Amino acid sequence: MASLTTNKYVNSWIDEMAAMTQPDKIVWIDGSDEQTEALRAEACSTGEIIKLNQEILPNCYLHRTAVNDVARVEGRTFICTPTKEEAGNINNWMDPNEMYAKLNALYTGSMKGRTMYVIPYSMGIVGSDFAKIGIELTDSIYVVLNMIIMTRVGKNVIDALGDSADFIKGLHAKADLDEENRYITHFPQDNTIMSVNSGYGGNVLLGKKCFALRIASYLGRKEGWMAEHMLILGLEYPNGEVKYITAAFPSACGKTNLAMLIPPEIYRNKGYKVWTVGDDIAWLRVNKEDGRVYAVNPENGFFGVAPGTNLKSNPNALYTTMRDTIFTNVVHNTENNTVWWEGLDNNPPTPGNAIDWKGNPWDCTKYDKKDKSTCGAHPNSRFTASAKNCPCLSSEFDNVKGVPVSAIIFGGRRAKTAPLVYESFNWQHGTFVGSIMASETTAAASGAVGVVRRDPMAMRPFVGYNMGDYFKHWLNMGKVIPNAPKIFHVNWFRTDAEGHFIWPGYGDNMRVLLWILARCAGEVDAVETAIGYVPKAEDINIEGLEDVTLDTIKELLTIDVESWKEDVANIKEFYAQVGDHVPAELYEELAALEARLG
Ligand code: OXD
Ligand code: MN
């Protein structure tokens, strides 16, 4: 198929990649409905996807990955900078020449008998100052169909690129799906991403984690902006004013749920609303006119975790998935040709009518919560759904300027240490608070329970360069933002002596967001503590909450000095691991915290 462009950089790169991978043919993705529909039909005919019940789930499909290929593979993800120091100690590193040679052997001939699809895509709205263009070459129709949902794909993108060399190159080949030879690699200096031997979303939808976080974080540092693992939401007040918040939480801490929050009834009745701008990634830039930080979501869809999504936890996400969605590794209900996952409802498809994520008959009566191998849907099964179908999508979603950010929130899953919410003293301290973010492993994850994993700014697996330099970039940004957002930390996961969650979470998290925004507006006082400003208990509105009293809030806001002292020791270990690029300012903050703890 003829190239859609005369851009010599694009065409010569495609020629080179095709010479190596040797596909039977090359097909450009133009973004047209006709082509997309033809690809769906082709993928259905080969069994790559299954067309679901079009009355109940219009334009929805099911896909199953290989059983050895169900999640991101951090151990096999590499940042290939010329020196190891540039990649830092937290990333896996390999010398670019060595990695290119290794990959060359894996890619050579890998597309024989296959088609190479060329996907021109934009992260961000074509024409926006924020937007960046990528081209992904892939031998998977599943990847093409997902990219069409998750990014802005088509002829207009390649036209916008013109004859420029300013695009991110991405090469993906499924090859043999060999996990021993699976590599997700980034060459920041070459604007290049190469992924081989996987078909799982996070490893192969190269616009997402690989480009919009790893490569973009590198570009952001070079160009003076930020690429962050953050949701973006707008909170609308009864008077119609909307304030925007970005929030970073480690994977699997409920970012999508918070982004699509439904206010508690008492607030809904007053006219409060929450609007979703993004659920996973935010690109942040300083606006020259008002000196504030503006955020865009560079994606165009949601690649969300299915299990646990239900009418209570996240009705907006559920509605979003009811059309135009690709489900991956969920249960197939063959009785009515729909899908199901653990935590959707209490009506799993009955034995004889259910196929599990591995493609085998599934017996829901054998399901044991504690034994993952009995699940019908894989715990990391996903929906790829279009933002346009989200009932609470912000009207500013397509705003080329982005939305002005009032508050940045960091959070983690901590049983004891972190209070429900606290505010940092200033940007430098806020950067410190982000750098010490952590989550404790839950029983749901494999391995020991309660182990602290440091996940700075929720970016541990996603910074495309040295983590210490990333911290420095945060500090530097603080100096060039005249009207910086305030930085907060939240913890929805505090537990009592019996291990039960104290805070109801979900929609009620809105009560904490309102305190945060009131602080930003200078409308409410706070208590200064060793770790930051904490609310006065009576300033968290508990109206309409069962089981939560003023004493509950007091308990949620206590600071357990002993566990903070333990944390300080753990932070020191972590900083040592990050190595000598950790900025002196953060060591000063650490020392100051230690002193305040006494
Ligand atoms: C994701 C992740 O899939 O953070 O968004 O793992
Ligand atoms: Mn994520």
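Note: hydrogens, waters and symmetry copies are ignored here, and every other heavy atom, side chains too, is used. Quick caveat, the model's predicted, so the values are computed rather than measured. As the structure lists them, so they are numbered: ligands from 1, and atoms in each ligand from 1.
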(Q) Using salt bridge (charged side-chain N to carboxylate O under 4.0 Å, His left out), reason through Arg453 and Glu74 one step at a time and then give a plain yes or no. (A) CA-CA 14 Å; Arg453 172 179 144 110; Glu74 289 175 20; 3.4 Å; yes
Q. Which of the atoms in ligand 1, numbered in the order shown and given with their element, are less than 4.0 Å from a heavy-atom of Asp280?
A.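 Per the distance check, 5 (O).
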Q. Under the 6.0 Å and 45° cation-pi test, does Arg285 pair with Phe130?
A.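 Yes, a cation-pi geometry holds between Arg285 and Phe130.
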(Q) For Phe493, does the six-membered ring have the charged nitrogen or CZ of Arg413 within the cation-pi criterion, i.e. under 6.0 angstrom from the centroid and within 45° of the normal? (A)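 That pair qualifies as a cation-pi contact.
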Q | Salt-bridge contact Asp469-Lys472 (side-chain N to carboxylate O under 4.0 Å) | A |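 Here Asp469 does not pair with Lys472 in a salt bridge, since their nearest N and O are not under 4.0 Å apart.
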Q) So does Glu180 pair up with Arg76, basic N to acidic O under 4.0 Å? A)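 No, Glu180 and Arg76 are not salt-bridged.
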Q: For atom 5 (O) of ligand 1, grab the closest protein heavy atom and report residue, atom and distance to one decimal in Å.
A: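 Looking only at protein heavy atoms, the one closest to atom 5 (O) of ligand 1 is Lys209 NZ, 2.9 Å.
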Q | Distance from atom 6 (O) of ligand 1 to nearest protein heavy atom, with residue and atom | A |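 Protein heavy atom at minimum distance: Arg72 NH2, 2.8 Å.
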Q | Donor-acceptor pair between Thr328 and Tyr142 side chains, under 3.5 angstrom | A |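 Looking only at side-chain atoms, Tyr142 and Thr328 do form a donor-acceptor pair, the distance falling under 3.5 Å.
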Q | Closest candidate by heavy atom, reference atom 3 (O) of ligand 1, pool Lys255, Glu74, Arg382, His229 | A |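 The option holding the nearest heavy atom is Arg382.
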Q.
Regarding atom 4 (O) of ligand 1: of the candidates Ser251, Gly202, Ala71, Pro250, which has the closest heavy atom?
A.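 Looking at heavy atoms only, the winner is Ser251.
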Q | Closest Asp280 atom to the Mn ion (ligand 2) [N, O or S only] | A |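 The atom in question is OD1.
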Q) Is there an N/O/S atom in Ile281 at a distance below 2.8 Å from the Mn ion (ligand 2)? A)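 False for Ile281.
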